[in-house]
Amino acid sequence: MRMARLAVPWYVHPAAAPQDWAWLAAQHRDVSFAVVNVHNGPGAEDDAYYPDAMAGLTRVRTLGYVAVDYGNRPVAVVAREIALWQRLYRIGGIMLDELPTSAQSLARCAEYAAAARAAGVTFLAANPGVFPSPAHLDLFDVTAVFEGTAADYARFKHPGWARNVPPSSLWHLVYDCAPEQTTDICRTAAEHGAGHVFATDRSLPNPWLGPPTAVSDRLRAGLSPACR
């Protein structure tokens, strides 16, 4: 049975979990992309840790994290952060987080997307965490249309019109999973029509601190990871 590919929000500091970064680098055949968040964006020019850590991900498609504060951040500020990601880490992908989804926000979202494309971004993702309009989806290569707990995910359904959206454009982010649920959720995401998924037993305030805890625990113990 088909499963969605892993697409990983990666908000863990390399000094805190170097073994997790090594794990991510080794997953390059299975991971469609990873979104790296240094400090709610690209961080500082003189970071002591991230340049070397990012250099280890050359075989993983990496996207830089940029928040748009639900449309409140000026386009010029977002464009400067995109340029800093490109200058510091020479990456061609960006994810715009906190994307607004109202009908009134479409023009602002189009401005963000146009600024990214004008800067040379070749792979543009967005995370509203819910289904936006089809017009919003058309602005991005991939959109995270679900971000929430496993309990909420059990009730989640794509709208009927999304049957015509390519799975490669849709991404699900699921946290607070029971450890044994992660494989089933990857399968469920594909059945929904999503081509990308990440499921973890970690929880708020930051569920994206590396791989699921079972993987991290085994890595810290010097063992081979037993699961995705």
Tell me the closest heavy-atom pair linking [X] and [Y], and the distance in Å.
X      : Y      : value
Ala113 : Phe140 : CB-CE2, 4.2 Å
Thr182 : Ala199 : CG2-O, 3.7 Å
Arg202 : Tyr175 : O-CB, 3.3 Å
Val121 : Ile94  : CG2-CG1, 3.7 Å
Gly41  : Glu81  : CA-OE1, 4.0 Å
Gly43  : Val38  : CA-CG1, 3.9 Å

Beyond-backbone contact of [X] with [Y], side-chain heavy atoms, under 4.5 angstrom:
X      : Y      : result
Thr200 : Leu173 : no
Arg73  : Val66  : yes
Pro9   : Trp171 : yes
Pro128 : Val145 : no
Val142 : Ser169 : no
Leu170 : Val165 : yes
Tyr153 : Thr188 : yes
Cys109 : Leu99  : yes

I need the [X] [atom1] to [Y] [atom2] distance, nearest 0.5 Å.
X      : Y      : atom1 : atom2 : answer
Phe198 : Cys177 : CZ    : SG    : 9.0 Å
Thr143 : Leu124 : OG1   : CG    : 8.5 Å
Asp201 : Thr213 : CG    : OG1   : 3.0 Å
Asp20  : Leu219 : CG    : CG    : 5.5 Å
Arg5   : His196 : CZ    : NE2   : 8.0 Å
Glu191 : Met3   : CD    : CE    : 10.0 Å

Would you check if the side chain of [X] reaches a backbone N or O of [Y] as a donor-acceptor pair within less than 3.5 Å?
X      : Y      : result
Gln86  : Ala119 : yes
Asn72  : Asp69  : yes
Gln181 : Ala178 : yes
Arg108 : Gly71  : yes

Show the numbers, then the answer: is there a side-chain contact (heavy atoms from CB on, under 4.5 Å) between Ile91 and Met54?
CA-CA 10 Å; Ile91 58 176; Met54 291 287 284; 4.2 Å; yes

Parallel, tilted or perpendicular: which fits the ring planes of Phe156 and His158, with parallel below 30° and perpendicular above 60°?
perpendicular

What do you reckon, are the aromatic ring centroids of [X] and [Y] less than 6.0 Å apart?
X      : Y      : value
Trp10  : Phe33  : no
Trp208 : Tyr65  : no
Tyr11  : His13  : no
His192 : Phe146 : no

Sorted by first residue and then second, give each side chain to side chain donor-acceptor pair (under 3.5 Å) pair with at least one member in residues 39-57; sequence neighbours left out.
Glu45-Arg87

Check: [X]/[Y] side-chain N/O donor and acceptor closer than 3.5 Å:
X      : Y      : value
Arg61  : Thr122 : no
Ser105 : His136 : yes
Glu98  : Asn127 : no

Would you kindly confirm whether Tyr70 and Val35 end up in one hydrophobic cluster when ILVMFWY residues are joined by side chain heavy atoms under 4.5 Å apart?
no

Could you point out which residue of Ile82, Leu96, Leu139 forms a side chain to side chain contact (heavy atoms under 4.5 Å, CB included) with Tyr112?
Leu96

May I have the step-by-step check of side-chain contact (heavy atoms from CB on, under 4.5 Å) for Thr101 and Val130, ending in yes or no?
CA-CA 8 Å; Thr101 59; Val130 297; 4.0 Å; yes

side-chain contact (heavy atoms from CB on, under 4.5 Å) evaluation trace for Thr183 with Arg187
CA-CA 6 Å; Thr183 298; Arg187 184 177 299 112; 4.1 Å; yes

Hey, mind stepping through Val36 and Trp21 against side-chain contact (heavy atoms from CB on, under 4.5 Å) and telling me if it holds?
CA-CA 11 Å; Val36 178; Trp21 278 76; 4.1 Å; yes

